[in-house]
Asker: 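Handing you a structure now.
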Amino acid sequence: MVENANPLSRRQAREVLAVSHARRDELVRRSSERGRTLLSAGALLGAAALLIGTSVPASAFRDPSTGFAPEFTAVPVEGQALEVSSDAIASAPVRDGFEVLSYAEQLRQLYASAPSTFTATSGPIRWPFPYTVVMTDRFGPRPEGSSGSAFHNGLDFTPGGGTPIYAIADGVVSLQVEDQGGFGNHVIIQHQIPGQNVASLYAHMQYGTSPLRTGDTVRVGDFIGLVGNTGDSYGNHLHFEIRIDGVPVDPFAWLSANAV
């Protein structure tokens, strides 16, 4: 039986423990240094691989004979050029001239330039007198200084005061008024003529001479009233108008084209 060695004193135990700790710290330090060295080397290798991967094309690592990385040859292409002949002259396109006419102006032109005389008719559309009478003021612009409006919308007949006036066509009285001014005693008759919505106006008749009232039905040739000088009038005359869709047109031209 071997006897145990003498036990260490406290001082000796502390010294042994200190030596043990120093050796442990040395081993840890050396292990850390080796780890840092390996890490630095790995970082350098990774940076080198990244540099190679981004700077060298992938086709450099492939065999052209495999077909995976076909070689391409850059071919220069000439740019397109536009040449304009010296004979070419830049100019604005030429368009036909045009003019916009109102509906009223179109109607006025349609029934303009009619002759200045008429022959009395006895058909379904007639003149307001069964015989030729004098006409003093035609449809259209009036000369400067003339009495009345600047544009005359009707035709003035002057057969003499008290001369009978007759309806130009079948229709219905749309208005009968005895004004003190304007048209004076006047009648408007609405006619439904094929293809046209026509109204005829008879103005300045003698007061109390028209038997018609609004809504009455009239036949062509029916008595309308007597030529007078009522309202705004320069003397005994019949102011006669033709309106198509409410637009005044030349009565002489219209009657010349339609009265038979």
Side-chain angles (χ1 to χ4, degrees), residues 102-105 107-108 111 116 118 120 125-193 196-255 259:
S102 66
Y103 180 58
E105 185 61 28
L107 289 174
R108 287 169 181 170
Y111 296 107
S116 58
F118 72 92
I125 299 177
R126 307 176 187 178
W127 293 81
F129 302 98
Y131 38 77
T132 301
V133 299
V134 176
M135 295 174 290
T136 57
D137 199 355
R138 298 287 298 271
F139 177 89
R142 283 188 168 123
E144 292 185 8
S146 300
S147 61
S149 60
F151 193 97
H152 190 223
N153 287 325
L155 174 64
D156 290 351
F157 295 89
T158 56
T163 301
I165 305 166
Y166 302 97
I168 65 164
D170 295 347
V172 176
V173 176
S174 59
L175 182 68
Q176 189 280 319
V177 179
E178 292 195 354
D179 286 334
Q180 296 302 312
F183 290 136
N185 181 17
H186 63 283
V187 170
I188 298 177
I189 302 176
Q190 196 71 34
H191 312 278
Q192 291 301 323
I193 296 172
Q196 299 184 54
N197 181 23
V198 180
S200 58
L201 179 146
Y202 312 79
H204 305 304
M205 295 184 295
Q206 294 179 5
Y207 290 125
T209 62
S210 178
L212 302 178
R213 297 293 180 267
T214 300
D216 287 351
T217 298
V218 298
R219 299 298 180 188
V220 60
D222 282 356
F223 175 71
I224 301 297
L226 299 179
V227 173
N229 187 31
T230 61
D232 296 333
S233 173
Y234 57 80
N236 286 301
H237 72 287
L238 168 66
H239 173 85
F240 177 77
E241 291 187 14
I242 289 290
R243 301 172 181 175
I244 299 178
D245 296 326
V247 178
V249 300
D250 188 340
F252 192 95
W254 188 88
L255 285 172

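Note that the structure is predicted; figures quoted are calculated from it, not measured. Heads up: numbering here begins at 1 and tracks the sequence.
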Asker: Do F252 and W127 have ring centres separated by under 6.0 Å?
Answerer: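 Under 6.0 Å, so yes.
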Asker: Using side-chain heavy atoms (C-beta onward) and a distance below 4.5 Å, is P159 in contact with V227?
Answerer: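 Yes, close enough: below the 4.5 Å cut-off.
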Asker: Could you grab the distance from atom CG of L255 to atom CD1 of I242, nearest 0.5 Å is fine?
Answerer: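 Between atom CG of L255 and atom CD1 of I242 there are 5.5 Å.
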Asker: Could you give me the CA-CA distance, side-chain angles and deciding distance for I189 and I224, then say whether side-chain contact (heavy atoms from CB on, under 4.5 Å) is met?
Answerer: CA-CA 10 Å; I189 302 176; I224 301 297; 3.6 Å; yes
Asker: Would you say H191's side chain and I193's backbone share a donor-acceptor pair under 3.5 angstrom?
Answerer: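 Judged by distance alone, no pair lies under 3.5 Å.
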Asker: Verify whether the ring centers belonging to Y202 and H186 lie closer than 6.0 Å.
Answerer: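 They do not qualify: ring centres at least 6.0 Å apart.
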Asker: Would you give me the side-chain donor-acceptor pairs under 3.5 Å for residues 213-221, sequence neighbours excluded?
Answerer:
from	atom 1	to	atom 2	distance (Å)
R213	NH1	S210	O	3.3
T214	OG1	Q176	N	3.3
D216	OD2	R213	N	2.7

Asker: Report the C-alpha distance between V177 and F183 in whole Å, list the side-chain angles of each, state the deciding distance to 0.1 Å, and finish with yes or no for side-chain contact (heavy atoms from CB on, under 4.5 Å).
Answerer: CA-CA 9 Å; V177 179; F183 290 136; over 6 Å; no
Asker: Could you tell me if the side chain of F157 sits less than 4.5 Å from the side chain of V134, heavy atoms only?
Answerer: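 SC-SC contact between V134 and F157 ruled out.
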Asker: I'd like to know whether the aromatic ring centres of H237 and H204 sit less than 6.0 Å apart in this structure.
Answerer: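 Ring centres of H204 and H237 closer than 6.0 Å.
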Asker: Walk me through it: do F129 and Y166 pass the test ring-ring contact (aromatic ring centres under 6.0 Å, His included)?
Answerer: CA-CA 6 Å; F129 302 98; Y166 302 97; 7.6 Å; no
Asker: So, N185 side chain and Q206 main chain: donor-acceptor pair closer than 3.5 Å or not?
Answerer: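 Yes, because the side chain of N185 sits within donor-acceptor range (under 3.5 Å) of the backbone of Q206.
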Asker: In Å and rounded to the nearest 0.5 Å, what is the CG to CD distance from L175 to Q190?
Answerer: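 Between atom CG of L175 and atom CD of Q190 there are 11.0 Å.
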Asker: Are the side chains of Q192 and D170 in contact, using a 4.5 Å heavy-atom criterion?
Answerer: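 Side-chain contact under 4.5 Å: no.
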Asker: Hey, which of N236, T230, N229 is the one that makes side chain to side chain donor-acceptor pair (under 3.5 Å) with S233?
Answerer: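 Per the side chain to side chain donor-acceptor pair (under 3.5 Å) rule, the option paired with S233 is N229, out of N236, T230, N229.
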Asker: Does R243 have any salt bridge (Lys or Arg N to Asp or Glu O under 4.0 Å) partners at least two apart in sequence or in another chain, and if so, which?
Answerer: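 Salt bridge (Lys or Arg N to Asp or Glu O under 4.0 Å) list for R243, sorted by chain: E241.
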Asker: Work out which heavy atom in Y207 is nearest to a heavy atom in G231; give both atom names and the distance.
Answerer: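 Taking Y207 first and G231 second, the nearest heavy atoms are OH-N, 3.9 Å.
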Asker: Examine the side chains of D156 and Y234 and answer whether a donor and an acceptor come within less than 3.5 Å of each other.
Answerer: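 Yes - a donor-acceptor pair under 3.5 Å links their side chains.
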Asker: Whether the side chain of T209 engages the backbone of L226 through a donor-acceptor N/O pair (distance < 3.5 Å, no angle test) should be reported.
Answerer: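 Side chain of T209 to backbone of L226, a donor-acceptor pair under 3.5 Å: yes, one is there.
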Asker: Quick one: does E178's side chain have a donor or acceptor within less than 3.5 Å of a partner on G208's backbone?
Answerer: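 Checked: pair present.
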Asker: Only one of I165, T158, L155 forms a side-chain contact (heavy atoms from CB on, under 4.5 Å) with L238, so which one is it?
Answerer: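 Testing L238 for a side-chain contact (heavy atoms from CB on, under 4.5 Å) against I165, T158, L155 leaves exactly one candidate, I165.
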